[in-house]
Amino acid sequence: MIKVWLMQQKIKLFFFLWVSFQPVVFAQENKPPSSPDVLFIVIDDLNDWISLLDPESPIKTPQMERLAKRGMLFTKAYCISAACNPSRTATLTGLRPSTSGVYGNNSDWRFALPKHPTIMQKFRTAGYRAQGAGKIFHHKPRGAFHDKESFEDFLPMKKQLYPPKKLNGAPEYGSRNTDWGIWPKKEEDTVDHPTVEYCIKALKETPTDKPLFLACGIYKPHSPFFAPQEFHRAYKEIPLPPRKIDDEKDLPPGAISLMKNKKWFWKGMMAVEKKKPGSYHDFIRSYAACIAYTDYLVGKLLDALDQSPRKDNTIIVLWSDHGFHIGEKDHIEKFALWEKSNHVPLIISAPGITPSGSRCDQPMDLTVLYPTLLELCGLPAQKSVDGKSIVKLLKNPNAPWELPALMTYGRGNHAVRTDRWRYIRYKDGTEELYDHSKDPHEWNNLAGEAQYREVILRHRKWLPKEEVKRVRDLRR
Ligand SMILES: [Ca+2]
Ligand SMILES: [Ca+2]
């Protein structure tokens, strides 16, 4: 009898244990995957003359290509505005300059948008830990981040160091930033070093009890075009980018007027060549070296992520705030509506969503980032934004997508980029039109030719219908 009783008790115990553990097992299987972490890499003034976007470019970006291999590369991504503050404000709030009034580098974006949440604030509200370092906003983010160590201003805690004298030998042009060459001696002394070290530490050490939104703002290749010696070595013999002499002859008055609105702004850095022949080639070497350094830093971030517990569930986004002219149209700067100043690298790697090594050739501007990241992470959408989510393109890059890229520089000046065309209209009503199927360098302005009238009308309809006034400048 005792044996039978014991056997019954064993069966009961086994049944009890089986029943007890089943719900746990089922619960684990049914639990949705935890919210993904986000590594948000912002680069400053990186243009498209890089091997990531142009296989013929002599400027190699192996680490960005490594990132592209794990996700999706966007080959026709454009900034919202080709200047740091309006670009970053628009991308990080989802609101274009024509909606916010933030048209210039000095515009006070928080005064313009006192209640509108930044993308970091949306993530914080949803329970993420938001951290960041380096140049993410152009001006103070005011509470966008979670921890006190996040860098809170344009330049991080370590200020840009300058050599005792300008290296390019032309002190009369612009500020100390209109300079290029080998500087500083040690990589540890660059402005970006502490930024990337902060982010590596955050990837390694931030507790995993909450999902992480980590923003890393790399300041290079922004001027001054300084990089340590080791990043210059590969570019001693670099060829010059394609340029057309007198390219500006067919520019309309609106373009000339926009380009001349600062003393050293148009032709300023190009003019160094007249004072010191060979300077332009030195500039190209230095810009390439700054990109090599930027690419190296991206690689360090990817290495740190891959060694962290977050490696399998982190969405990585890499973008540049706008492009940069490196001599085309006699321009070494941004602040324009042409392709070179507006075309940007954009890569999104979303585990389980983006096919590895995929590419999307559809045109878009960076207003897509805010709604896309919210949707990818399952956060509530923000109704009052100008952009649309591209999650469907992340799954299938050939899915229908009707919107062109829209760019604004200064109130009343806009460009529309479709798959084939770039149409520009300035506030005085003058226009440019370029056919990228035949003219990838935008050398021939077709706007005056009657046969393209229908193309112009088709593009004009995408211009903003209303444009708010420019908000006041920042009061420091
Ligand atoms: Ca910039
Ligand atoms: Ca031309």
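Positions are given from 1, in the same order as the sequence printed here. Computed from heavy atoms alone, side chains included, the values below leave out hydrogens, waters and symmetry copies. Every number for a ligand or one of its atoms is a count from 1 in the order of the listing.
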N, O or S atom of [X] closer to the Ca ion (ligand 2) than 3.0 Å:
X: Asp250; result: yes
X: Glu248; result: no
X: Trp443; result: yes

**Prompt:** Near Lys300 NZ, under 6.0 Å, is it more than 12 heavy atoms from other residues, nucleotides or ligands?
**Reply:** yes
**Asked** How long is the gap from OH on Tyr426 to CG on Leu258, to the nearest 0.5 Å?
**Response** 6.5 Å
**Message:** Does anything in residues 82-102 form a salt bridge (Lys or Arg N to Asp or Glu O under 4.0 Å)? List the pairs, not counting sequence neighbours.
**Reply:** Asp44-Arg88, Arg88-Asp321, Arg96-Asp365
**Request:** Sort by chain and number the protein N/O/S atoms found under 3.0 Å from the Ca ion (ligand 1).
**Result:** Asp44 OD1, Asp45 OD1, Cys84 SG, Asp321 OD1, Asp321 OD2, His322 NE2
**Prompt:** For Gln362, which residues count as a side chain to side chain contact (heavy atoms under 4.5 Å, CB included) partner, sequence neighbours excluded?
**Reply:** Cys360, Leu393, Trp401
**Request:** With sequence neighbours excluded, tell me which residues meet side chain to side chain contact (heavy atoms under 4.5 Å, CB included) with Gln229.
**Result:** Ile182, Arg233
**Note, Met407 side chain near Pro97 side chain (heavy atom, < 4.5 Å)** = no
**Asked** If you measure from the Lys or Arg side-chain nitrogens to the Asp or Glu carboxylate oxygens, is any gap between Lys267 and Glu248 under 4.0 Å?
**Response** yes
